[in-house]
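Here's the structure we're looking at; comments come further down.
Atom set for the values below is all heavy atoms of this structure, side chains included, hydrogens, waters and symmetry mates excluded. All figures in this text were calculated on a predicted structure; none of them were measured in a lab.
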Amino acid sequence: MKDQLVGKAEQLKGKATGNRGEQAKGKMRQAIGNMKRTARDIRDDVRAEAARRREREREEETGRPTTSG
């Protein structure tokens, strides 16, 4: 979030001053912020799935009835 806000500020500053380099730098920082957010979301999804699998394995180990033919 911080990268996205700082990037937007840089982009607007560059636009206001006519500095294309500053605009590009701001856009790049925003893109980096978006990538970081996506990576965090993926990491959280993987951790949640791993926890669900561990829970299922524990349930199976404790004698939970399974459906076998």
| task | Measure the CZ-CD distance between R56 and E60 for me, rounded to the nearest 0.5 Å. | result | 8.5 Å
| task | Could you list the residues that satisfy side-chain hydrogen bond (donor to acceptor under 3.5 Å, both in side chains) with R43, not counting sequence neighbours? | result | none
| task | Mind checking salt bridge (charged side-chain N to carboxylate O under 4.0 Å, His left out) for R47 and listing every partner two or more places apart, or none if nothing turns up? | result | none
| request: Over all heavy atoms of both residues, which pair between Q30 and Q4 is shortest? Give the atoms and the distance, please. | output: CG-O, 3.6 Å
| Cluster partners of L5, using ILVMFWY side-chain heavy atoms under 4.5 angstrom, listed by chain and number? | M1
| request: Kindly state each residue pair satisfying salt bridge (Lys or Arg N to Asp or Glu O under 4.0 Å) with at least one member in residues 25-41, sequence neighbours excluded. | output: D3-K36, E10-R29
| field | With sequence neighbours excluded, residues passing side-chain hydrogen bond (donor to acceptor under 3.5 Å, both in side chains) with E57 | value | none
| query | With sequence neighbours excluded, what pairs up with R54 under the salt bridge (charged side-chain N to carboxylate O under 4.0 Å, His left out) test? | reply | none
| Tell me the side chain to side chain donor-acceptor pair (under 3.5 Å) pairs involving residues 15-24, sequence neighbours left out? | none
| Exceeds 12 heavy-atom contacts within 6.0 angstrom, atom CE of M28 | no
